[in-house]
Participant: 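This is the structure I want to talk about, given as structure tokens.
Here is how names work: the chains are called A, B, and so on, in the same order as the sequence lines, proteins then strands, and each is numbered from 1. Note that the coordinates shown come from a computational prediction; the quantities given were computed from them, not determined experimentally.
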Protein chains: 2
Amino acid sequence: METLPDTASPLYEKVKDYVLGNIGSGRWPRNQKLPSENELVSALGVSRMTVHRALRELTSQGHLLRVQGVGTFVAPPKPQSTLIEVNNIANEIRARGNSHRAKVLVLETFAPEPQLVAAFEFPAAQPVFHSLLVHFENEVPVQLEERFVNPGLVPGYLDQNFEATTTYDYLQQSTPMTEVEHIISAIHADEETARHLAIETGEACLLLHRRTWSGAKVATVNRIIYVGSRYSLGSRYTPNAAGTHP
Amino acid sequence: METLPDTASPLYEKVKDYVLGNIGSGRWPRNQKLPSENELVSALGVSRMTVHRALRELTSQGHLLRVQGVGTFVAPPKPQSTLIEVNNIANEIRARGNSHRAKVLVLETFAPEPQLVAAFEFPAAQPVFHSLLVHFENEVPVQLEERFVNPGLVPGYLDQNFEATTTYDYLQQSTPMTEVEHIISAIHADEETARHLAIETGEACLLLHRRTWSGAKVATVNRIIYVGSRYSLGSRYTPNAAGTHP
DNA sequence: TAGTGGTCTAGACCACTAG
DNA sequence: TAGTGGTCTAGACCACTAT
């Protein structure tokens, strides 16, 4: 009969701590088979529902693997990765207490070049919607946002006033995304970019390439350029225990 | 008496679908108070434990807010954010089928300047461990990795061979992090950086500033520089339903 | 067939909040 | 005090796996 710590936490939390303790101490190494639920019931003196809840939560957090009819096992450590958050720029600027303004440079229908057709995974070339905006923080340009939008998924895109509503907010509510792809790289600003952002040609910028999916279809293809010297992407993040990804 | 869908899924899943359906359809708008658990028990004809499990899981997924003694409410939509994954570079290179090599340039005890003391949140200046490595992909330098390490938390840091084991792997297993802060920006390579990475001075690079915590203490402070033209941070990510973060 | 985990119930007691 | 959610139990039935 094992004993559980005498703290104020609920029983299922104590059971979780008991299991995590055995994993952390090495007593139950990776892939080790755990005692069955019924064995834990006897060993710990709690009901099976309580044991089950503890093991279920640890499983969903990536600590355990369970196979019906077989047993419960210590999960192998996941390939480690950490995450960086990318927020809506308007919210981020306002959260800092600064003023945000967006200026629409382009809002049109656009005949995409082959590379863009491929990014949309279209079988053949077809027109897409195209917008180009500059975002200002306290009237200083900080971001150039270029979006290409699938007209089949977002038919009303061209009718919006994106100086009032963020493209981001509009897309979020009109076409919820189910998947996002991000690629960040560092580039030198070309002449046009530099002009829009009021920087020198060649200045270092962050380029965030983003594609979003709605179901199986690509909804948007985006190029977002941040002025390197005026903006950075930041986040503070608490990994959950097993390094699980969402 | 409401009816639940006649599918093969467990009852608590049907209850979750029922609740999500009411939220999605607008019948239960944001901040709407849900029926109490006991009311749902009567309305749906299932036990309270089943209702409770459904509501608990929806709460942990960010769809609901629950306050003991008060009730259950439809959660307001979270401030949208998406996430970018940052992987261990050695794993990433090997996952692409390329060869990875690390070269240790510096591994020493170091007297930190005031800015670094502040980053560690030390009350007074004290020595830290310092390492500087270059990572090669197919013998081309792609990353310059500079780490400052809290000796109190990682006493054995200087004794490791980081050309065999990654600093990342060693730190992960010796001092599991509980929190991570990331800041990404774009910079121009200075002379020393350019020399180590075999690029031109002034070339655009990604600078990833990372601090990790172990409990309440800062464990490491890192500057990781990627060559802009040779490397980018990428990820593909499926947001979970409510835009919850992990 | 025996053992595993997955679900579900009815009932109980508790802590918390509001009136 | 009445109503809420939070926890816990004992017992049941089920689907799945190995032997």
Participant: For A/R223, enumerate each residue passing the side-chain contact (heavy atoms from CB on, under 4.5 Å) test, keeping only those at least two apart in sequence or located in another chain.
Facilitator: A/E146, A/L207, A/H209, A/I225
Participant: Test of understanding: with salt bridge (Lys or Arg N to Asp or Glu O under 4.0 Å), list the residues that count as partners of A/E145, not counting sequence neighbours.
Facilitator: A/R147
Participant: Could you tell me whether A/K33 atom NZ has more than 12 heavy atoms of other residues or ligands within 6.0 Å of it?
Facilitator: yes
Participant: In chain order, what residues pass the salt bridge (Lys or Arg N to Asp or Glu O under 4.0 Å) check against A/E163, with sequence neighbours excluded?
Facilitator: none
Participant: Can you sort out the partners of A/E137 under salt bridge (Lys or Arg N to Asp or Glu O under 4.0 Å), two or more places apart, ordered by chain and number?
Facilitator: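 Salt bridge (Lys or Arg N to Asp or Glu O under 4.0 Å) check on A/E137 returns A/R96.
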Participant: Can you give the first and last nucleotides of DNA chain D, 5' to 3', that have an atom under 4.0 Å from a heavy atom of chain A?
Facilitator: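 The contacted stretch runs from D/dT7 to D/dT17.
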Participant: Closest-nucleotide mapping onto DNA chain D: is A/V70 or A/E13 further toward the 5' terminus? I mean the 5' end.
Facilitator: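 In this pair, the answer is A/E13.
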Participant: Suppose we screen for side-chain hydrogen bond (donor to acceptor under 3.5 Å, both in side chains). Which residues come up paired with A/S47, at least two apart in sequence or across chains?
Facilitator: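 Partners of A/S47 by the side-chain hydrogen bond (donor to acceptor under 3.5 Å, both in side chains) criterion, ordered by chain and then number, come out as A/T50.
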Participant: Mind pulling the stems DNA chain C is in, i.e. runs of at least three Watson-Crick or G-U pairs, everything under 3.5 Å?
Facilitator: C:1-18 with D:1-18
Participant: For B/S99, enumerate each residue passing the side-chain contact (heavy atoms from CB on, under 4.5 Å) test, keeping only those at least two apart in sequence or located in another chain.
Facilitator: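 Listed in chain order: B/N138.
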Participant: Under the ring pair (Phe, Tyr, Trp, His ring centres under 6.0 Å) rule, collect the residues that match up with B/H100, sequence neighbours excluded.
Facilitator: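 Partners of B/H100 by the ring pair (Phe, Tyr, Trp, His ring centres under 6.0 Å) criterion, ordered by chain and then number, come out as B/H135.
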Participant: Short of 4.0 Å, heavy atom to strand atom, which residues of residues 47-57 of chain B count as contacting DNA chain D?
Facilitator: B/R48, B/M49, B/H52
Participant: Applying ring pair (Phe, Tyr, Trp, His ring centres under 6.0 Å), name anything that partners A/F148, two or more places apart in sequence or on another chain.
Facilitator: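 Scan of A/F148 (ring pair (Phe, Tyr, Trp, His ring centres under 6.0 Å), adjacent residues dropped) gives A/F110, A/H130.
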Participant: Just jot down the salt bridge (Lys or Arg N to Asp or Glu O under 4.0 Å) partners of A/E39, sequence neighbours excluded, or say none.
Facilitator: none
